Amino acid sequence: GEILHGAMGPIFPALAPAGGFDREARGEAISMMVNDALSPTGQRYDIYRFQWLPPRRVSSLESFWLHPLPLRIRVNATAADAAAWHALSVSLCGRLFASAAELR
C-alpha cells in the first residue's frame with residue numbers, strides 16, 4: 001500500500017486506513033478486468049487495469065477512461081474458488097514484478 005500511496009496518492013479505498021479515504025477530495029482508483037487472450041489452454045488469466053476516477057466536482061463520471069493509471073495485475077483465475085486465484089505478475093510504471101510482495 002505504501003508504494004501505491006507514494007506513487008499515486010491515497011486513491012485506493014481498499015488500502016486506506018479507517019477514515020483515510022476521501023473520494024470527493026482526491027478521486028478514486030477503479031479497476032477494470034479484461035480476459036487475457038494469451039492464457040494457456042485450460043487456464044483463465046485476467047488482467048486488472050486501473051483508472052483514476054476524478055472527484056465529481058472536477059469531472060463527470062464518464063471521464064475515468066481519460067485517466068489510466070500505470071498499474072496492471074495479471075491473475076490466474078482458473079480455479080472455481082476465488083480464494084485459490086493468485087497474481088502472476090504486477091506491472092507498476094512499466095516495471096514488471098513477479099508478485100505483489102516483490103513491490104516491497
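Predicted model only: the values in this text are computed from it and were never measured.
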Practice task
Just do the salt bridge (Lys or Arg N to Asp or Glu O under 4.0 Å) check on D36 and R74 with the steps written out, would you?
Solution key: CA-CA 8 Å; D36 183 350; R74 190 169 179 230; 2.6 Å; yes

Exercise for the section: Just do the side chain to side chain contact (heavy atoms under 4.5 Å, CB included) check on F12 and E28 with the steps written out, would you? Expected result: CA-CA 6 Å; F12 294 88; E28 176 180 2; over 6 Å; no

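Put simply, the side chain of W52 never gets that close to the backbone of L69: no donor and acceptor are under 3.5 Å apart. Panel note: side chain T78, backbone R44; a donor-acceptor pair is recorded below 3.5 Å.
Within the 4.5 Å cutoff, the side chain of R26 has heavy atoms near those of the P10 side chain. Side chains of R49 and S31 form no contact here, defined as non-hydrogen atoms less than 4.5 Å apart. The closest side-chain heavy-atom distance from N76 to H86 is below 4.5 Å. By the 4.5 Å heavy-atom criterion applied to side chains, L92 and M8 are counted as neighbours.
When hydrophobic clusters are built by joining Ile, Leu, Val, Met, Phe, Trp and Tyr residues whose side-chain heavy atoms come closer than 4.5 Å, directly or via intermediates, L71 is grouped together with M33. Under the 4.5 Å side-chain heavy-atom criterion for grouping Ile, Leu, Val, Met, Phe, Trp and Tyr, L66 is connected to I30 within one hydrophobic cluster. By the criterion of side-chain heavy atoms lying less than 4.5 angstrom apart, applied directly or through intervening Ile, Leu, Val, Met, Phe, Trp or Tyr residues, L96 is not grouped with Y45; the two fall into different hydrophobic clusters.
G27 approaches P55 most closely through the heavy-atom pair N-CG, 3.5 Å. The shortest heavy-atom contact between A84 and A79 is CB-CB, 3.6 Å.
Rounding to the nearest 0.5 Å gives a distance of 14.5 Å between CZ of F97 and CZ of R72. Here the CG atom belonging to L53 is positioned 10.0 Å from the CD1 atom belonging to I11, to the nearest 0.5 angstrom. Taken from CZ in F50 to CG in L4, the straight-line distance is 8.0 Å, to the nearest 0.5 Å. The distance from atom OG of S99 to atom CD1 of I73, rounded to the nearest 0.5 Å, is 11.0 Å.
Counting heavy atoms of neighbouring residues, nucleotides and ligands inside a 6.0 Å radius, atom CE of M32 does not exceed 12 of them.
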